[in-house]
Structure formats: structure tokens, C-alpha cells
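Here's the structure we're looking at; comments come further down.
Here is the naming used below: chain letters follow the sequence lines, and residue numbers restart at 1 for every chain. Bear in mind the structure is a predicted one, so any value in this text is a computation, not a measurement.
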Amino acid sequence: MSKVSMRKFLYPLLLVLVTIGLLYVEKYVDHKQNEPNLIEGEKPKFDTKTELLPTSTTGSIIHHNYYSLSYAEDHEQAEWVAYELNKEQLVNNDFKRPYFEIDLAVPTGAAHWRNYKKSGYDRGHLCPAADREFSREAYEETFLTSNISPQLNAFNAGIWNRLEQKVRYWAKSYDGVYVITGGVLENDLEQIGTEGVSVPREFYKILYDVRNGEHTAIAFLFPHQASNEGLYTFVTSIDHIERRTGIDFFSTLPDTIENELEKSSDLKKWSLK
DNA sequence: CTGTACTGC
DNA sequence: GCAGTACAG
């Protein structure tokens, strides 16, 4: 091909291809921006970014788009993960499970998923993937290693799974709930992998809601083992979980409300059937 | 739903 | 590493 025909045909062809490429990129970017951040036009039921966050014993609070966490570097996992679960967010999108990725927002460096490989423990979500299926971005954000903890499969797929399903039922029934989840992190825990990811002996979950201006909460603490018992068996007080973890929950609420919430779980307001 | 493992590229 | 598939609780 001569230099003249090169200019006449190849350059215009290149120009067309580049233009198509740019149009495609623009369309793709627009599409991403149109995906809902929470739900479009929907006011959050709770002030998720500030008011309801627990304290951090590590000083390493990280805000993602669809949940927040406090990372404990000594244990290579979060001491808590917190998020609001809206009724409108409960949709089934059959997204393919991606690989877990290191959470680059953790300044000290989050663990690699290989620590869990052949450890005998699941990569157990703290914020469940099924709670963030309203967009691909939200779903994939749950597959960060800052959002998992080593869990026995018999526990994760068993009573822990049943509680997660109950949380989705509550979110649907009560038009949204606020969820705080984590393992109890202590000094002498078993560790797995080259980075030493701690294996908690207990896991907790706290649910909070406001209905008709009334604050209510329920707290669960499970031994890290399989169980066929009812969920009510593991109901405890927020005060108890605070003593076990050193974390202060709902400290930004007025003291009278905080004290009332924390001294006991209000079983009557959380249907466990 | 919660996950793992294996095959083949 | 990724896709597809199979399988277990």
C-alpha cells in the first residue's frame, strides 16, 4: 500500500474507529453514573454516615459507597461493618460472584483472600452479598477482603445464614433497618494464612430501627459453631456486646435513648417467627 | 441462600 | 485469573 492510499483510507478508518471507541466509553460511563447510589429519590431512613456509626477501637473507619467499616489490622478484618438495609434494596439480581479483592481503602493494607484458601474456613461476608443486589457496584463492593471473616461453613451456611435471611425479612416488614455486624476480636485467637487473619470465637449482629418515633434494637451473639437452636436463644443486650468487644454502639444518640436501647433487646418489636 | 472445588483456557 | 459447571449445607 502506497503512502498516498494510506492517508486516503487508513487514517479516516482509524478516525472512525477512535470515534466509535470514545462514544462507547461515554455511553459506558453514563451507564455507570445512572446506577443508583442508594435508591434514586429515596431519603435514607437513618443517617448512615455519621449518627449511627459505632466507635472504632482502631481509629481506622472506612466509608464505602454502600457500607462503612472499622478495620482491625491486628486481626486483618473489620471489627464492625455497618449499613442501612432499605426495603427497596431487596431485589434479586443474579449477579455472578466475583473474586474477592484487597480493599485498597484500608491504609494499613487489607488481607489477601489467599489467607482463607484451604484454611478450613469460609470467606464469610459481614455485609451479605444478598443485601446489596440492587446494583452491580453495590454487590461487588461486598467482595472486598475488609468485609469478610473466617467462618466455619456449618456456621455460615447454618444459623448465621438464617439470621441474615431474618434481617432481610425485617427490612421488608419494617421498611428498612440499620445493621451492625462483626466478629469478637481478641488477643489469643487462632490465625490463618501468611498474614494471620484471626478466627473469631463469637460473632455478633445488632439491628436498630425507629418506628413511629420509637427507637428499638435487638442484639445477637453467637458462638462460632453450628447450631440448630432458635435465633432467640442467642439474643443478648448491646451492653453485653460492648463489654465483649470494647466498641461503643449508638453513642451519638441521646443518653436516655442509648441507655434504654442497650440494657436489653426489645424482643416484642422484632418478630422472630 | 451460604459457600467450595474442579476443568479448561 | 476467569468462565462454566457441579456439588454441599
Side-chain angles (χ1 to χ4, degrees), chain A residues 28 66-67 69 76-78 80-81 83-104 109-174 176-177 179-184 190 192-195 197-207 220-234 270-273:
Chain A
Y28 174 73
Y66 303 100
Y67 64 89
L69 66 96
E76 289 292 1
Q77 67 197 274
W80 53 255
V81 164
Y83 60 99
E84 175 182 340
L85 181 58
N86 286 353
K87 189 163 72 174
E88 295 81 5
Q89 292 173 329
L90 290 170
V91 292
N92 284 320
N93 261 317
D94 197 20
F95 295 131
K96 177 183 160 57
R97 285 174 75 96
Y99 274 46
F100 280 94
E101 287 179 17
I102 294 170
D103 185 352
L104 297 176
H112 196 282
W113 60 262
R114 283 198 198 90
N115 290 287
Y116 293 71
K117 186 92 176 168
K118 293 184 177 175
S119 68
Y121 295 98
D122 282 4
R123 285 156 262 190
H125 278 88
L126 296 175
C127 173
D131 285 5
R132 310 278 85 162
E133 285 196 34
F134 49 89
S135 80
R136 185 177 296 277
E137 184 193 347
Y139 182 76
E140 292 185 348
E141 198 176 70
T142 70
F143 285 80
L144 294 172
T145 54
S146 53
N147 183 43
I148 56 175
S149 179
Q151 293 184 332
L152 293 167
N153 181 262
F155 173 76
N156 188 23
I159 194 156
W160 189 248
N161 185 21
R162 289 200 295 280
L163 177 61
E164 289 177 341
Q165 292 183 45
K166 188 65 71 179
V167 170
R168 288 188 279 276
Y169 165 79
W170 283 328
K172 200 173 173 180
S173 304
Y174 306 138
V177 293
V179 190
I180 305 166
T181 303
V184 176
E190 178 193 351
I192 58 168
T194 56
E195 294 178 275
V197 180
S198 296
V199 182
R201 288 191 208 92
E202 296 170 292
F203 288 92
Y204 68 88
K205 195 182 278 287
I206 300 172
L207 292 310
F220 295 86
L221 183 65
F222 299 87
H224 185 187
Q225 62 191 39
S227 172
N228 291 319
E229 298 190 70
L231 290 172
Y232 59 84
T233 309
F234 304 99
W270 300 83
S271 166
L272 268 164
K273 285 296 175 188

*If you draw the axis of the six-membered ring of A:Y169, does the NZ or CZ of A:K166 fall within 45° of it and under 6.0 Å from the ring centre?*
yes
*Between atom OH in A:Y121 and atom P in C:dA8, what is the gap in whole Å?*
23 Å
*Taking the six-membered ring for Trp, are A:W113 and A:F143 ring centroids under 6.0 Å apart?*
no
*Closer than 4.0 Å, any side-chain N/O of A:R123 to the OP1 or OP2 of B:dT4?*
yes
*Would you mind classifying the nucleic acid contact of A:A130 as base, sugar-phosphate or nothing, using non-hydrogen atoms under 4.0 angstrom?*
sugar-phosphate
*Distance only, no hydrogens: is a donor on one side chain within 3.5 Å (strictly under) of an acceptor on the other, for A:Y83 and A:Q89?*
no
*Which whole-number value in Å describes the distance from A:L90 CG to B:dC1 C1'?*
13 Å
_Whole angstrom value for the distance that separates C1' of B:dA5 from CG of A:D122_ = 13 Å
*Closer than 4.0 Å, any side-chain N/O of A:N153 to the OP1 or OP2 of C:dG9?*
no
*If you check every side-chain atom of A:K117, which of B:dA5, C:dG1, B:dT2 has the closest atom?*
B:dA5
*Checking all strands, does A:Q151 fall into the base, sugar-phosphate, or nothing category for heavy-atom contacts under 4.0 angstrom?*
nothing
*For C:dG1, does either OP1 or OP2 sit under 4.0 Å from a side-chain N or O belonging to A:R114?*
yes
*asked:* Counting the atoms with a prime plus P, OP1 and OP2 as sugar-phosphate, which does A:E133 contact under 4.0 Å by heavy atoms, base, sugar-phosphate, or nothing?
replied: sugar-phosphate
_Value in whole Å for how far the P atom of B:dT4 lies from OH of A:Y116_ = 11 Å
*After noting the C-alpha distance and the side-chain angles of A:Y66 and A:F134, does the key distance pass the ring pair (Phe, Tyr, Trp, His ring centres under 6.0 Å) rule?*
CA-CA 11 Å; A:Y66 303 100; A:F134 49 89; 5.5 Å; yes
_Expressed as a whole number of angstroms, how long is the span from A:H112:NE2 to C:dG1:C1'?_
10 Å
*Nearest-Å distance for atom pair CZ/P, residues A:F155 and C:dG9*: 18 Å
_Side chain of A:A157 - closest among C:dG1, B:dT4, C:dG9_ = C:dG9
*Output the single nucleotide from B:dT2, C:dG1, B:dC1 whose closest atom is nearest the side chain of A:N156.*
B:dT2
*Check the distance between B:dG3's C1' and A:R162's CZ and give it to me in whole angstrom.*
15 Å
*Let me know the distance between NZ of A:K96 and C1' of B:dG3, rounded to the nearest Å.*
14 Å
*Please tell me which of the listed nucleotides, C:dG1, B:dC1, B:dG3, lies nearest to the side chain of A:N92?*
B:dC1
*Would you say the ring centroid of A:F203 lies under 6.0 angstrom from that of A:F155?*
yes
*Answer yes or no: does a side-chain N or O of A:H125 lie under 4.0 Å from OP1 or OP2 of B:dC1?*
no
